[in-house]
Amino acid sequence: MELRKQNYEIIPIIVDVPSNLRTINFFLVKAKESLALIDAGLDHEACWNALLETLQKNGLALHDLTEIILTHNHIDHVGLVNRIIADHPIQVYAHKNAIPRLKRDRQFLEMRVEFFSKLYEEMGCHEAGRKQVDYLKESIVKNRKLAIQAEIIPVESSHLDFQIVEVPGHAPDQIALYDPKHRWMISGDLLIQHISSNALVEPDSFGRRMPTLLQHKHSLEKVSDLPLDLVFPGHGVFIQDPKDLINKRLKGIEKKAEKIMNLILNGVTTASGLAQAYYGNKYSEQFSLVMSEIIGHLDYLEFNGKIRKEMEKGVWHYSINKE
Ligand SMILES: [Zn+2]
């Protein structure tokens, strides 16, 4: 693969990880006047060493980095930022919605805990929900040190040689860096070859729930419409001609929604009940992930007029829309 073009060069950093993500990918973008880091891996030695080795192999050093751009706020994409800016302060760019999350703004995080507390009660999760909420509360204090120490600058609609495309869904602040000239894109976790990306339920900055699966679907459709030959994902192998994979992911949403609708037909009415029926043990093992999947697909079905919901004793009950 020839990544060297006149204006700039993309230098991938690929770190194997012992999880279903397989690899953590982040990227150097080397131009005449700049050396940008797109995403910053996990805060662990393997990522740090991979960054240093890749720089060295290309005749570069840490102090040559001129800026960091983050595709979204998740810890496996921002891990090395504090180490890098402790070496020398450089500008850190991200979507504006990433800022309270990256700065671990206390007021925002407390609002987020409230949001999940109410959501899980309304979805009928009871004990499992309260356990997750306790975990989130503890994380506010425990993860304080993970706050990004730099001032974060909202990225604009174009940056370096890239158009910045908003692709929310997996995260509310997810962006992709798109180069229409070379028809390639650095896309965060929008599209991964070997697993489907989760659209994680999140509140917006006012504490309102965002329809994250609908956003994710819309982001996939938006990217599918772009002239695009190559995608550099945040995990796994690079994706050539991504249209087929995008179609597969879109069909996957459809299929899962159908299965969930069948469960509702069979009398399972709450999101919590559906999550347990659909995912079994995974319900308690990967609670927040599983609830995001179920709630997202319920949103999707509701949006399409297939189902409706009614509140009974503080819990939403879903039923098939017969009209
Ligand atoms: Zn992510």
Side-chain angles (χ1 to χ4, degrees), residues 12-27 37-44 46-47 68-82 92-104 108-109 112 116 132 136 139 143 146-148 152 155 164-178 185-204 210-220 222-223 231-239 242 245-246 249 252-253 286-293 295-296:
I13 303 167
I14 297 165
V15 183
D16 290 327
V17 284
S19 76
N20 70 340
L21 297 174
R22 295 189 185 167
T23 67
I24 289 179
N25 309 333
F26 47 124
F27 304 90
L37 184 68
I38 318 300
D39 279 347
L42 259 180
D43 184 15
H44 70 185
C47 282
I68 301 171
I69 305 164
L70 301 171
T71 62
H72 62 294
N73 73 84
H74 293 166
I75 51 164
D76 52 338
H77 293 258
V78 310
L80 299 176
V81 173
N82 284 341
V92 179
Y93 295 91
H95 189 280
K96 65 177 184 336
N97 292 347
I99 297 172
R101 293 173 166 87
L102 290 170
K103 299 298 283 181
R104 301 199 63 80
F108 174 79
L109 293 181
R112 191 170 173 271
F116 280 111
Q132 175 68 12
L136 289 175
S139 304
N143 293 342
L146 301 181
I148 298 300
I152 296 148
V155 70
I164 302 298
V165 185
E166 292 186 324
V167 285
H170 171 68
D173 54 340
Q174 190 169 243
I175 54 166
L177 288 79
Y178 174 51
M185 175 182 266
I186 298 173
S187 65
D189 289 351
L190 174 71
L191 192 64
I192 301 172
Q193 179 78 54
H194 66 280
I195 43 172
S196 67
S197 312
N198 298 98
L200 300 168
V201 167
E202 279 289 329
D204 68 11
M210 289 181 276
T212 42
L213 184 71
L214 290 165
Q215 290 177 335
H216 178 60
K217 186 171 172 281
H218 182 239
S219 295
L220 285 170
K222 179 157 82 174
V223 165
V231 166
F232 297 101
H235 308 281
V237 297
F238 300 161
I239 303 161
L245 184 62
I246 292 174
R249 294 288 175 256
I253 294 171
Q286 298 184 42
F287 176 76
S288 67
L289 222 57
V290 157
M291 285 311 296
S292 283
E293 282 295 302
I295 293 169

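Both ligands and their constituent atoms are indexed starting at 1 by order of listing. Just so it is clear, the structure is predicted and the values come from calculations on it, not from any experiment.
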Protein N, O or S within less than 2.8 Å of the Zn ion (ligand 1), waters excluded: His72 NE2, His74 ND1, His170 NE2, Asp189 OD2
ring-ring contact (aromatic ring centres under 6.0 Å, His included) partners of His216, counting only residues at least two apart: none
Intermediate values then yes/no, side-chain hydrogen bond (donor to acceptor under 3.5 Å, both in side chains), Asp189 and Ser197: CA-CA 6 Å; Asp189 289 351; Ser197 312; over 6 Å; no
Pairing residues for Glu166 by the side chain to side chain donor-acceptor pair (under 3.5 Å) criterion, not counting sequence neighbours: His95
Sidechain-backbone polar pair: Asn73 side chain, Asp173 backbone, donor-acceptor under 3.5 Å: no
Donor-acceptor contact present, side-chain Thr23 to main-chain Gly236, <3.5 Å: yes
Set of residues satisfying side chain to side chain donor-acceptor pair (under 3.5 Å) with respect to Asn82, sequence neighbours excluded: none
